[in-house]
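For reference, positions follow the sequence shown, starting with 1.
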Amino acid sequence: MNSVMGSPTMPTAHIVQQRGLTLELDDLSSRCDIAPEDHSKDGTGVGQVWQAATDLLCDWLESHPQWLKEQGRSLELGAGVGVAGMLVAKMGAEVTITDYHPRVVSRLRANVALNGLDPLASVAPLDWSVPTSDFQRYRLVFGADLAFAQRSAAQCAARVQELCEGVFLYAHQERHAIFMGPDGQVQREATDSGLDSLIKAASPLVCRQLCKRDLPEGERVVLLALGAPAALAALPSPSTV
């Protein structure tokens, strides 16, 4: 993050500057009103700006402004603080920004207003665990760090198939779980089971890696595009991000 400063008028929040956007984030100490099961459900993005979103997804979107506008109104899933979605609006494209938790949705609306992004950016609640008929289908759906667990990954994939008629851009920081093996020895996942579940559950959509960056400890952040072969073939030339 570029800068952080306290605000005497917002005791349970702080303000950050990120990619030219002003964001209100919940203070981590104020998480008590979000139930533990909600944290385990999808992380909720409280007080968090995901590295995969800023390092890869935002970079790629900024690199292809004309293509982005040609997609019409796009949809962001699990937006958290909404960096990627608001960046899309800042670039002059229409976007619907979603998350499921009422507190997160309220903060998203505040962030959109804070940055003067109405009416290009709109905010709506969207819970992946249930089918929805309240949304149109979109040529571009995007999100970051949505596949924390196999269950949430499968639910996310179901909504993608329901809502996306073009390309799903997904940025993800790989996390290899540590667990106790049958022999009592500590072991590490060979692959990221959440990401594997998302890709498998999204079938028959084809998955293509657009770019990646290596992180310490053998993990990495990746940007993937999922869609029908024709939709993937229509993507801009490979990014240099």
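In this structure, CG in Leu117 is found 6.5 Å from CG in Leu21, a value given to the nearest 0.5 Å.
Residues Thr96 and Tyr138 have side chains in contact (heavy-atom distance under 4.5 Å, counting atoms from C-beta outward). When side chains are defined from C-beta on, Leu210 counts as touching Leu235, because their heavy atoms get closer than 4.5 Å. A 4.5 Å side-chain heavy-atom check between Leu223 and Leu57 finds at least one atom pair inside the cut-off. With contacts defined as side-chain heavy-atom distances shorter than 4.5 Å, the pair Thr98/Val123 does not qualify. Using a 4.5 Å heavy-atom threshold, the side chains of Lys212 and Val221 count as separate. Side-chain contact between Arg213 and Arg220 is absent, with no heavy-atom pair separated by less than 4.5 Å. Proximity of Asp99 to Leu126: side-chain heavy atoms (C-beta onward) are nowhere separated by under 4.5 Å. Counting heavy atoms from C-beta on, the side chains of Leu77 and Trp128 come closer than 4.5 Å.
Using a cut-off of 4.0 Å between Lys/Arg side-chain N and Asp/Glu carboxylate O, Asp59 and Arg19 are scored as salt-bridged.
Just one of Leu140, Val95, Val141 meets the side-chain contact (heavy atoms from CB on, under 4.5 Å) condition when paired with Leu75; it is Val141.
Judged by distance alone, the side chains of His101 and Asp127 never bring a donor and an acceptor atom under 3.5 Å apart. Residues Gln17 and Thr22 have side chains that bring a donor and an acceptor to within less than 3.5 angstrom of each other. For the residue pair Ser74/Arg139, the side-chain donor-acceptor check at 3.5 Å is not satisfied.
Between Tyr170 and His172, the ring-plane angle classifies as tilted under the 30° and 60° cut-offs.
With a 6.0 Å radius and a threshold of 12 heavy atoms from other residues, nucleotides or ligands, Arg151 has its CZ atom at or below the threshold.
Considering all non-hydrogen atoms of both residues, Ala89 and Leu120 come closest at O-CD1, 3.4 Å. A pairwise comparison of heavy atoms in Arg107 and Gly80 identifies NH2-O, 3.3 Å as the closest pair.
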Could you walk me through whether Tyr100 and Val105 satisfy the side-chain contact (heavy atoms from CB on, under 4.5 Å) test, starting with their C-alpha distance in whole Å, then the side-chain angles of each, then the deciding distance to 0.1 Å, before giving a yes or no?
CA-CA 7 Å; Tyr100 89 98; Val105 171; over 6 Å; no

